[in-house]
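These notes are about the structure you will find just below.
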Amino acid sequence: MGQETSVSRFTDIEIKVLSILRENSRASVSEIAERLGVSRVTVYRALKSLVNKGVRFTVDIPEDSPRAFVVSRESHADLGECFKLVDGRYMVIVRARDFNELVNIIDRLRDKEEVYIALRPVSKQLISVGLVCDYCGGPITVPIIYRRGRRTYYLCCETCLRELKKKLRKSNKNKVNAS
Ligand SMILES: [Zn+2]
């Protein structure tokens with residue numbers, strides 16, 4: 001949050017929203033609206049206005065939270081990571097803590113043209129699996145590295161190494177026979 005902004009610049013509702021967020025930075029827009037007895041739109045407006053006044057929120061969103069890829073005519077860099085597309089439109093990656101919040105945010109975008117809702121990131125999980133054995137496909141704790149020609153193979157155990165060598169020898173023979 002911006003420390004140099006003086007409190008007097010904020011409206012009543014903005015100060016109330018801020019104090020709830022100070023208590024609980026994970027409070028959803030619906031929760032804040034309910035606690036203050038105002039509409040969600042009012043809370044959104046207050047949040048947007050706070051951002052315009054220089055307040056920076058550290059958004060605490062888990063990695064596997066729902067997200068949407070929204071293509072629109074206008075840039076929406078305030079909502080998330082925003083890209084300019086080659087066709088002149090923009091794509092913003094909107095993230096939220098739950099589907100309700102995600103749908104609420106998307107609903108407010110009047111100029112949206114395409115919306116893709118993602119369930120979860122896939123590539124990240126694949127990377128976290130780490131090295132995979134080139135023979136059996138299983139995970140590797142300590143890799144056995146085997147270089148053959150220009151290729152490097154990673155194996156999980158001696159058995160896989162032996163079997164891989166056998167397989168390579170066979171396929172080499174086949175290649176020789178075929179040519
Ligand atoms: Zn293996």
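Only this structure's heavy atoms are used, side chains among them; waters, hydrogens and symmetry mates stay out. Order of appearance sets the numbers: ligands from 1, and atoms from 1 within every ligand. None of these values were measured; they are calculated from a predicted model.
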Return yes when atom CD of Glu34 has more than 12 non-hydrogen atoms of other residues, nucleotides or ligands closer than 6.0 Å, and no otherwise. no

Between Ser28 and Glu101, which heavy-atom pair has the shortest distance, and what is it? CB-OE1, 3.6 Å

Do other residues, nucleotides or ligands put more than 12 heavy atoms under 6.0 Å from the CZ atom of Arg148? yes

Are Leu79 and Tyr90 connected in a single hydrophobic cluster, I mean Ile/Leu/Val/Met/Phe/Trp/Tyr linked by side-chain heavy atoms less than 4.5 Å apart? no

Just to be sure I understand the site: which N, O or S atoms from the protein are less than 2.8 Å away from the Zn ion (ligand 1)? Cys133 SG, Cys136 SG, Cys156 SG, Cys160 SG

Spacing of CZ belonging to Arg67 relative to CD belonging to Glu81, to within rounding of 0.5 Å: 10.0 Å

Show me the donor-acceptor pairs, under 3.5 Å and distance only, between side chains in residues 153-168 and residues at least two apart or in other chains.
| residue | atom | partner | partner atom | Å |
| --- | --- | --- | --- | --- |
| Glu163 | OE2 | Lys166 | NZ | 3.4 |

